[in-house]
Amino acid sequence: MILRTKRLIIRAYEEKDAEAIYGVINDPTIYEMTLHIPYPYPREQVEIWIGFVNQNRRYRRGFEWGIFDLSGCYLGNIGLVNIDYINRSGEITYFVGKDFRKQGIATEAVGGALQYAFEILHLERVAGRCM
């Protein structure tokens, strides 16, 4: 599954993305703005995390995708998590690397993820949690 917006490609993580993910996620500002991402982020944890989010996607427990620009540069993460299919609800999460903030990337990625939530997953409510 690949979501495309005007400037972004939002897709499942691949093992080849590990180094780029590490370059973005191992940042104290990511830690300060998120609930479960430690700093420093252990490099060996990246592949484990990729496996975890891809397993969640396969079993439809949650969906986390990489945000990439059209040239393939990794910008951050967008996710639909805590999905409750009975109540047709979920939560949206995201982070964007410090070099890519204040450019509307998160807004654009959230729009793509919400379209997926409502049109593909048929959720009725998606909430966001502010840190």
Side-chain angles (χ1 to χ4, degrees):
M1 192 275 331
I2 296 176
L3 300 172
R4 294 183 190 273
T5 67
K6 183 176 180 181
R7 300 179 298 157
L8 306 174
I9 297 170
I10 301 166
R11 64 163 174 81
Y13 286 105
E14 300 172 6
E15 288 183 22
K16 69 178 183 175
D17 300 324
E19 201 58 42
I21 294 167
Y22 182 70
V24 168
I25 204 169
N26 190 41
D27 174 357
T29 66
I30 299 282
Y31 162 77
E32 291 167 359
M33 295 186 297
T34 59
L35 185 59
H36 297 293
I37 298 175
Y39 180 80
Y41 196 91
R43 173 59 183 88
E44 62 275 5
Q45 188 67 30
V46 177
E47 284 85 0
I48 295 168
W49 181 75
I50 291 171
F52 172 76
V53 298
N54 284 337
Q55 182 177 20
N56 279 342
R57 181 180 40 79
R58 278 191 294 277
Y59 291 107
R60 301 178 56 85
R61 293 188 295 242
F63 300 84
E64 291 194 57
W65 304 285
I67 304 169
F68 299 84
D69 68 14
L70 298 178
S71 73
C73 178
Y74 180 71
L75 309 175
N77 179 79
I78 184 78
L80 294 168
V81 298
N82 298 327
I83 295 175
D84 178 344
Y85 290 102
I86 294 171
N87 293 304
R88 298 172 65 182
S89 64
E91 293 181 355
I92 199 153
T93 65
Y94 62 86
F95 64 80
V96 175
K98 66 181 172 188
D99 295 337
F100 312 110
R101 295 181 191 149
K102 298 187 180 193
Q103 299 174 34
I105 291 166
T107 301
E108 194 169 327
V110 166
L114 288 175
Q115 182 177 358
Y116 186 84
F118 296 129
E119 293 178 10
I120 305 300
L121 299 178
H122 304 291
L123 301 183
E124 293 180 354
R125 291 179 305 284
V126 176
R129 195 179 315 174
C130 186
M131 302 301 293

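FYI, the numbering just counts along the sequence from 1.
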Check your understanding: Which is it for Arg4 and Ile2 under the side chain to side chain contact (heavy atoms under 4.5 Å, CB included) test, yes or no, and what are the steps along the way?
Key -> CA-CA 6 Å; Arg4 294 183 190 273; Ile2 296 176; 4.1 Å; yes
Practice item. Report the C-alpha separation of Arg60 and Leu121 in whole Å, then their side-chain angles, then the decisive distance to 0.1 Å, and conclude whether the side chain to side chain contact (heavy atoms under 4.5 Å, CB included) test is met. Key: CA-CA 9 Å; Arg60 301 178 56 85; Leu121 299 178; 3.2 Å; yes
Review point. When you look at Tyr22 and Tyr41, which way does the ring pair (Phe, Tyr, Trp, His ring centres under 6.0 Å) test go after all the steps?
Key: CA-CA 8 Å; Tyr22 182 70; Tyr41 196 91; 7.2 Å; no
Practice item. In sequence, state the C-alpha distance, the side-chain angles, and the governing distance for Glu19 and Arg43, and then conclude on side chain to side chain contact (heavy atoms under 4.5 Å, CB included). Key: CA-CA 8 Å; Glu19 201 58 42; Arg43 173 59 183 88; 3.0 Å; yes
Exercise for review: Please report the C-alpha distance between Thr5 and Ile10 in whole Å, then the side-chain angles of each, then the deciding distance to 0.1 Å, and finally whether the side chain to side chain contact (heavy atoms under 4.5 Å, CB included) criterion is met.
Suggested key: CA-CA 8 Å; Thr5 67; Ile10 301 166; 4.3 Å; yes
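Taking the six-membered ring where the residue is Trp, Trp49 and Phe95 present tilted rings, their angle falling between 30° and 60°.
For the atom pair Asn26 CG and Gln45 CD, the distance stands at 12.0 Å (nearest 0.5 Å). To the nearest 0.5 Å, the span separating CD1 on Ile120 from CG on Leu123 amounts to 11.0 Å. Put simply, CD1 on Ile9 and SG on Cys73 are 11.5 Å apart, with the number rounded to the nearest 0.5 Å.
Screening residues 110-128 for salt bridge (Lys or Arg N to Asp or Glu O under 4.0 Å), with sequence neighbours left out, gives Arg88-Glu124. Applying the salt bridge (Lys or Arg N to Asp or Glu O under 4.0 Å) test to pairs two or more places apart or on separate chains, none has a residue in residues 66-78.
When all heavy atoms of Ala113 and Ile92 are compared, the closest pair comes out as CB-CD1, 3.8 Å. Ala117 and Leu80 make their closest contact through CB-CD1, 3.8 Å (heavy atoms, listed as atom of the first residue, atom of the second, distance). Closest approach of Val24 to Leu75, counting heavy atoms only: CG1-O, 4.2 Å. In terms of heavy-atom proximity, Arg11 sits nearest to Phe68 at NH2-CZ, 3.3 Å. In plain terms, the two heavy atoms of Val126 and Glu91 that are nearest each other are CG1-C, 4.2 Å. Contact record, Tyr74 with Ile21: CE2-CA, 3.6 Å, taken as the closest heavy-atom pair.
In this structure, the side chain of Asn54 engages the main chain of Tyr13 through a donor-acceptor pair within 3.5 Å.
Under the side-chain hydrogen bond (donor to acceptor under 3.5 Å, both in side chains) criterion, Tyr31 pairs with no residue, sequence neighbours left out. Scanning for side chain to side chain contact (heavy atoms under 4.5 Å, CB included) contacts around Asn56 gives Phe52, Arg61, with sequence neighbours left out. Thr107 meets the side chain to side chain contact (heavy atoms under 4.5 Å, CB included) test with no other residue; sequence neighbours excluded. With sequence neighbours excluded, the residues satisfying salt bridge (Lys or Arg N to Asp or Glu O under 4.0 Å) with Lys16 are Glu14.
Residues Ile67 and Asn77 form no side-chain contact, since every pair of their non-hydrogen atoms from C-beta on lies 4.5 Å or further apart. The shortest distance between side-chain heavy atoms of Arg101 and Thr29 falls below 4.5 Å. Taking 4.5 Å as the limit, every side-chain heavy atom of Tyr39 sits out of range of all side-chain heavy atoms of Ile30. Between Ile105 and Leu8, some side-chain heavy-atom pair lies under the 4.5 Å cut-off.
Enclosure of atom OH in Tyr94 is not indicated, since only 12 or fewer non-hydrogen atoms of other residues, nucleotides or ligands lie within 6.0 angstrom. Crowding of Arg7 atom CZ: a count of heavy atoms from other residues, nucleotides or ligands under 6.0 Å exceeding 12.
The hydrophobic cluster containing Val81 does not contain Tyr85, counting ILVMFWY residues as joined when their side-chain heavy atoms lie under 4.5 angstrom apart, directly or transitively.
For Ser89 and Asn87, the side-chain atoms include no donor-acceptor pair closer than 3.5 Å.
With respect to Glu64 and Arg57, no salt bridge is recorded, no charged nitrogen being found less than 4.0 Å from a carboxylate O.
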